[in-house]
Visitor: 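Below: one structure in structure tokens.
Owing to the predicted nature of the structure, the values given are computational and were not obtained by experimental measurement. Residues: numbered from 1 along the sequence shown. Computation of the quantities below employed the complete heavy-atom set of this structure, encompassing side-chain atoms and omitting hydrogens, waters and symmetry-equivalent molecules.
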Amino acid sequence: MGETPHHDLSLLIQAASAGDEAAQARLYEGVHGELMRIARGAFRREASGHTLQPTALVNEAWLQLAGAGPEFTGRAHFFGLAARAMRQILVDHARRTRADKRGGGKNHATLTEVGAVDERFDVLELEDALEALEEFNARLAEVVQMRFFAGLSVEEVAEVLEVSPATVKRDWTYARAWLFGRMSDNESD
């Protein structure tokens, strides 16, 4: 994952976290391609005609990451925070769009494998269910965040979370079923 070797990326993350501005610039250059890939993956699941573009998503996520001044504990932590930032930006954008339309037309998303087509769900409804999943099991929520919002492969998620691909597959299957159940319960209320 990424254009910069893992060891170099970890060193850049440490230096950037310590306040080294040159390291922050090199870190951005080193992760920009990967962040763009993640953003393009997120947009494959968005409705056509989306007013936010992948480049804007990456730039806004980077500003949040760099501006908040978090101390990244390593590569996995950095990409986890990047996925969370992108998720929140997309959710905030959906909320603004819905508010602008005064409830008309829903922003939809799918919880299927990347690129597959399945039943569609409201992004904001999904966000509520994902927050509940996070309270239930944080790792399951992280897997969904990285697979769905960041578009990472099973192998990439396993690498970031430092678990086996088989564990990620089980978590992904369980988390999707949990979220479908939660969202179905909300529809029948």
Side-chain angles (χ1 to χ4, degrees), residues 1-4 6 9-10 13 27-28 30-46 50 52 54-55 57-62 64-66 68 70-94 107-118 120-121 123-180 182-183:
M1 194 167 37
E3 299 164 355
T4 302
H6 296 281
L9 183 58
S10 294
I13 288 170
L27 176 61
Y28 181 74
V31 298
H32 185 265
E34 180 64 17
L35 292 176
M36 282 299 295
R37 189 188 69 73
I38 291 169
R40 283 190 297 274
F43 276 93
R44 279 194 297 266
R45 290 173 298 283
E46 292 289 324
H50 204 289
L52 187 63
T55 301
L57 179 60
V58 167
N59 290 339
E60 194 168 333
W62 177 258
Q64 285 184 16
L65 290 169
E71 292 189 21
F72 307 117
T73 58
R75 188 175 174 283
H77 186 232
F78 174 81
F79 282 107
L81 289 175
R84 180 176 297 274
M86 287 186 191
R87 167 184 152 203
Q88 194 57 54
I89 292 163
L90 289 171
V91 167
D92 289 346
H93 185 269
N107 293 310
H108 285 80
T110 180
L111 282 176
T112 59
E113 298 295 328
V114 177
V117 178
D118 198 357
R120 298 175 85 68
F121 294 98
V123 170
L124 299 178
E125 189 179 329
L126 173 60
E127 174 64 11
D128 291 341
L130 192 54
E131 286 175 358
L133 178 62
E134 194 165 23
E135 289 178 23
F136 172 71
N137 185 311
R139 188 178 77 201
L140 292 177
E142 275 189 275
V143 168
V144 171
Q145 184 171 277
M146 286 188 256
R147 290 282 295 135
F148 180 71
F149 286 97
L152 299 181
S153 71
V154 168
E155 292 74 20
E156 290 169 328
V157 174
E159 180 183 334
V160 169
L161 294 179
E162 298 178 349
V163 297
S164 72
T167 297
V168 172
K169 286 178 186 176
R170 279 191 304 272
D171 286 354
W172 177 236
T173 299
Y174 184 84
R176 285 187 304 162
W178 193 96
L179 288 168
F180 283 135
R182 175 74 178 220
M183 292 166 60

Visitor: With sequence neighbours excluded, what pairs up with Tyr174 under the side chain to side chain contact (heavy atoms under 4.5 Å, CB included) test?
Guide: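 Tyr174: side chain to side chain contact (heavy atoms under 4.5 Å, CB included) contacts with Phe136, Leu140, Trp178.
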
Visitor: Would you compute the distance between atom CG of Leu130 and atom CD of Glu142 and round it to the nearest 0.5 angstrom?
Guide: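 Answer for the CG-CD pair, Leu130 versus Glu142, is 10.5 Å.
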
Visitor: In Å and rounded to the nearest 0.5 Å, what is the CG to CG distance from Leu27 to Leu65?
Guide: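 These two atoms lie 9.0 Å from each other.
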
Visitor: What residues, two or more places apart in sequence or in another chain, satisfy side-chain hydrogen bond (donor to acceptor under 3.5 Å, both in side chains) together with Glu155?
Guide: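 Once residues adjacent in sequence are excluded, Glu155 has no partner under the side-chain hydrogen bond (donor to acceptor under 3.5 Å, both in side chains) criterion.
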
Visitor: In a check of side chain to side chain contact (heavy atoms under 4.5 Å, CB included) between Val154 and each of Glu159, Met146, Lys169, which one passes?
Guide: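 With Val154 as partner, Glu159, Met146, Lys169 yield a single side chain to side chain contact (heavy atoms under 4.5 Å, CB included), made by Lys169.
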
Visitor: Do you know which two heavy atoms are closest between Ala39 and Leu57, and how far apart they sit?
Guide: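 Closest pair (atom of Ala39, atom of Leu57, distance): CB-CD2, 3.9 Å.
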
Visitor: Kindly give the heavy-atom pair with the smallest separation between Val144 and Trp172, and that separation in Å.
Guide: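 Shortest heavy-atom contact: CA-CZ3, 3.8 Å.
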
Visitor: Would you please name every residue forming a side chain to side chain contact (heavy atoms under 4.5 Å, CB included) with Ala166, sequence neighbours left out?
Guide: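 Ala166 satisfies side chain to side chain contact (heavy atoms under 4.5 Å, CB included) with Ser164, Arg170 once adjacent residues are dropped.
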
Visitor: So, taking the atom named CG in Leu179 and the one named CZ in Arg182, what distance separates them when rounded to the nearest 0.5 Å?
Guide: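 So the CG of Leu179 and the CZ of Arg182 are separated by 9.5 Å.
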
Visitor: Measure across Val58 and Leu35 and return the closest heavy-atom pair with its distance rounded to 0.1 Å.
Guide: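 Heavy atoms of Val58 and Leu35 come nearest at CG2-O, 3.4 Å.
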
Visitor: Under the side-chain hydrogen bond (donor to acceptor under 3.5 Å, both in side chains) rule, collect the residues that match up with Asn137, sequence neighbours excluded.
Guide: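 So Asn137 forms no side-chain hydrogen bond (donor to acceptor under 3.5 Å, both in side chains) with any residue.
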
Visitor: Taking atom CG of Leu90 and atom CD of Glu60, what is their separation to the nearest 0.5 Å?
Guide: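 Taking CG in Leu90 and CD in Glu60, the distance rounds to 9.5 Å.
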
Visitor: Name every donor-acceptor pair, under 3.5 Å, that has one atom in a side chain of residues 80-87 and the other anywhere in the protein, sequence neighbours excluded.
Guide:
unit_1: Arg84; atom_1: NH1; unit_2: Glu134; atom_2: OE2; d: 3.2
unit_1: Arg84; atom_1: NH2; unit_2: Glu134; atom_2: OE2; d: 2.7
unit_1: Arg87; atom_1: NE; unit_2: Glu127; atom_2: OE1; d: 2.9
unit_1: Arg87; atom_1: NH1; unit_2: Gln145; atom_2: OE1; d: 2.7
unit_1: Arg87; atom_1: NH2; unit_2: Glu127; atom_2: OE1; d: 3.3
unit_1: Arg87; atom_1: NH2; unit_2: Glu127; atom_2: OE2; d: 3.1

Visitor: Would you say Glu156's side chain and Ser153's backbone share a donor-acceptor pair under 3.5 angstrom?
Guide: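 Judged by distance alone, yes, a pair lies under 3.5 Å.
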
Visitor: Just wondering, do Met36 and Thr55 contact through their side chains at under 4.5 Å, heavy atoms?
Guide: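 A side-chain contact under 4.5 Å exists here.
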
